[in-house]
*Asks:* 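Pasting a structure below so you can have a look.
Values reported hereafter were calculated over all heavy atoms of this structure, with side chains retained and with hydrogens, waters and symmetry mates removed.
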Amino acid sequence: MANEAENVRYDMTEEYILNSRGSKLFTCKWLPDCEPKAIVFLCHGYAMGCSISMRGAACRLVNAGFAVNGIDYEGHGKSSGLQGLITNFDDLVTDCTEHFTSICERKENANKLRFLLGESMGGAMVLLLHRKKPTFWDGAVLLAPMCKVADDIKPNQMVRSVIAQLARVIPSWRIVPTQDITDVAIRDVEVRKEIRSNPYCYTGRLRLQTGCQLMQTTRDIEKILPEISVPFLVVHGEADKVTDPAVSKLLYETASSPDKTIKLYPGMWHSLSYGELPENFDIVFSDIIAWLEKRVIVEQN
């Protein structure tokens, strides 16, 4: 993201942790040079990592006075595991829950508000983290959340059936027939080049088991939309060809949360935190930061 760190003063630290399955996971945190207003936990999208696709978001949030923490899921970013392979999405949810909860339970964070922010598949992660601990989080920001994969992206029913059968035998095969997600998700051509040259970004075809897990996850989330009770802001580009803006509208209309806001941006694509045009980042993050700060002010009063 152009000029993402301009005028930003913060401390960034990186650390590897082990999950319950013995896998090494990359974690990172950004701290402002003042007492944080609240803590924001990042959930990145498919094939990316927090210090890659969400670093711009982190910089903007830190510059606004928030502490930011992130983790790369197994098989993603700088974490261990076969790149692009999701064996069990629930395991990733458990990893995030355990890491984020451990941070919240530290003495210095005991009285701080806790927010989740997730993009695309990270939006699905946020909703499942909320389901796991319905009253734990103070708010959620969802950027083009993966509540349902757009029909233009997912394979047809017959192909999905074949994929499910094959995944039981050869789960890591990269043969799922989909469009190149980078081309349809990332509007900025230079960012597309960055992704394709970054060894921590997975740009191969969707692996069989990953495809099955993503489809199952979206089916699960569609069923729980009425149970979403956390305060949330959902933002979505109306020109998104990866996740359907209509499903974000459905989330907004269906969720039981009494505190919910939706922002739809004409002409914007899927990746609102990393792949959009620079001037659009200002619009999106102005809305996000204003939403977060309003809730901090309410809590303080």
Side-chain angles (χ1 to χ4, degrees), residues 40-46 57 86 89-90 92-94 96-97 100 113-155 157 160 184-185 211-273 283-285 287-292 294-295 298-299:
V40 180
F41 295 90
L42 302 180
C43 299
H44 65 78
Y46 165 71
I86 299 174
F89 201 88
D90 286 341
L92 307 188
V93 176
T94 297
C96 289
T97 294
F100 293 165
L113 292 180
R114 307 181 283 257
F115 295 102
L116 295 164
L117 185 150
E119 182 169 48
S120 191
M121 188 180 84
M125 176 65 74
V126 166
L127 295 176
L128 294 175
L129 289 171
H130 165 55
R131 182 176 68 169
K132 207 170 185 72
K133 291 191 170 187
T135 62
F136 187 77
W137 303 102
D138 296 299
V141 178
L142 304 154
L143 292 82
M146 188 192 76
C147 301
K148 179 181 178 181
V149 178
D151 291 335
D152 291 343
I153 293 294
K154 67 182 179 184
Q157 180 58 49
R160 295 202 299 272
V184 294
C212 291
Q213 284 296 301
L214 294 182
M215 294 305 301
Q216 182 61 53
T217 298
T218 57
R219 287 195 293 268
D220 291 345
I221 289 174
E222 283 187 83
K223 295 174 184 176
I224 67 164
L225 292 183
E227 302 171 22
I228 304 302
S229 57
V230 68
F232 71 83
L233 165 66
V234 58
V235 299
H236 215 129
E238 290 187 343
D240 191 338
K241 295 181 180 180
V242 179
T243 58
D244 193 343
V247 181
S248 282
K249 293 180 186 177
L250 181 64
L251 166 63
Y252 172 75
E253 293 165 357
T254 307
S256 60
S257 173
D259 178 1
K260 52 187 178 179
T261 304
I262 186 170
K263 296 276 187 178
L264 300 176
Y265 303 108
M268 292 195 198
W269 287 28
H270 177 65
S271 181
L272 296 176
S273 74
I283 297 171
V284 172
F285 279 92
D287 289 338
I288 289 172
I289 291 168
W291 187 89
L292 291 170
K294 181 179 179 180
R295 274 132 198 92
V298 169
E299 178 67 19

*Asks:* Would you say the side-chain atoms of H130 pair up with the backbone N or O of S229, donor to acceptor, closer than 3.5 Å?
*Replies:* yes
*Asks:* With side-chain contact (heavy atoms from CB on, under 4.5 Å) as the test, would you mind laying out the steps for L251 and I221 before giving the verdict?
*Replies:* CA-CA 10 Å; L251 166 63; I221 289 174; over 6 Å; no
*Asks:* Might you point out which heavy atoms bring S248 and V234 nearest each other, and give the distance in Å?
*Replies:* OG-CG2, 3.5 Å
*Asks:* Taking side chain as C-beta onward, heavy atoms only, is V141 less than 4.5 Å from L292?
*Replies:* yes
*Asks:* Within the distance-only criterion (no hydrogens, no angle test), does the side chain of T218 pair as donor or acceptor with the backbone N or O of M215 below 3.5 angstrom?
*Replies:* yes
*Asks:* Output the distance between atom CE (M125) and atom CZ (F100), rounded to the nearest 0.5 Å.
*Replies:* 8.0 Å
*Asks:* Using side-chain contact (heavy atoms from CB on, under 4.5 Å), reason through F285 and S273 one step at a time and then give a plain yes or no.
*Replies:* CA-CA 8 Å; F285 279 92; S273 74; 4.0 Å; yes
*Asks:* For residues M146 and L214, report the shortest heavy-atom separation together with the two atoms involved.
*Replies:* CE-CD2, 4.0 Å
*Asks:* Calculate, to the nearest 0.5 Å, the distance between atoms CD1 and CG belonging to I288 and L272 respectively.
*Replies:* 7.5 Å
*Asks:* Please examine the side chains of H270 and V184, heavy atoms only from C-beta on, and report whether any two atoms are closer than 4.5 Å.
*Replies:* no
*Asks:* Could you check if a side-chain atom of T261 sits within less than 4.5 angstrom of a side-chain atom of D287, using non-hydrogen atoms only?
*Replies:* no
*Asks:* Checking F136 against T97 for the side-chain contact (heavy atoms from CB on, under 4.5 Å) test, could you report, in this order, the C-alpha distance in whole Å, the side-chain angles of both residues, the deciding distance, and whether it holds?
*Replies:* CA-CA 11 Å; F136 187 77; T97 294; over 6 Å; no
*Asks:* Report yes or no: do D240 and T243 form a side-chain donor-acceptor pair below 3.5 Å?
*Replies:* yes
*Asks:* Would you name the heavy atoms of G237 and P245 that are closest together and state the gap between them?
*Replies:* O-CG, 3.4 Å
*Asks:* Could you state the interatomic distance from CG (L116) to CG (L128), rounded to the nearest 0.5 Å?
*Replies:* 11.0 Å
*Asks:* Establish, for the pair K260 and F232, whether the NZ or CZ atom is under 6.0 angstrom from the six-membered ring centre and no further than 45 degrees off its axis.
*Replies:* no
*Asks:* Nearest 0.5 angstrom please: E119 CD to S271 OG, how far?
*Replies:* 4.0 Å
*Asks:* Enter the distance from D138:CG to L113:CG here, rounded to the nearest 0.5 Å.
*Replies:* 4.5 Å
*Asks:* Could you go through the side-chain contact (heavy atoms from CB on, under 4.5 Å) check for V235 and L142 one step at a time?
*Replies:* CA-CA 6 Å; V235 299; L142 304 154; over 6 Å; no
*Asks:* Using modelled atom types and a 3.5 Å cut-off, is there a donor and acceptor pairing between side-chain atoms of E238 and backbone atoms of M268?
*Replies:* no
*Asks:* Do W137 and P231 touch side chain to side chain, with heavy atoms closer than 4.5 Å?
*Replies:* no
*Asks:* Pick out which of L92, D90, I86 makes a side-chain contact (heavy atoms from CB on, under 4.5 Å) with Q213.
*Replies:* I86
*Asks:* Take a 6.0 Å sphere around NZ of K249 and say whether it holds more than 12 heavy atoms from other residues, nucleotides or ligands.
*Replies:* no
*Asks:* Considering all heavy atoms of both residues, which atom of H236 and which atom of P145 are nearest to each other, and what is their separation?
*Replies:* ND1-CD, 4.1 Å
*Asks:* How long is the straight-line distance from CD1 of I224 back to CZ of R219, given to the nearest 0.5 Å?
*Replies:* 14.5 Å
*Asks:* Compare every heavy atom of G118 with every heavy atom of V126, then report the nearest pair and how far apart it is.
*Replies:* CG2-N, 3.6 Å
*Asks:* For the pair F115 and W291, name the ring-plane relationship: parallel under 30°, tilted 30 to 60°, perpendicular over 60°.
*Replies:* perpendicular
*Asks:* Salt bridge check, D259 against R295: does any charged N sit closer than 4.0 Å to a carboxylate O?
*Replies:* yes
*Asks:* Against C43, only a single residue in L129, L117, L127 fulfils side-chain contact (heavy atoms from CB on, under 4.5 Å); can you say which?
*Replies:* L129
*Asks:* I need the minimum non-hydrogen distance between A255 and I228, along with the two atoms involved.
*Replies:* CB-O, 3.5 Å
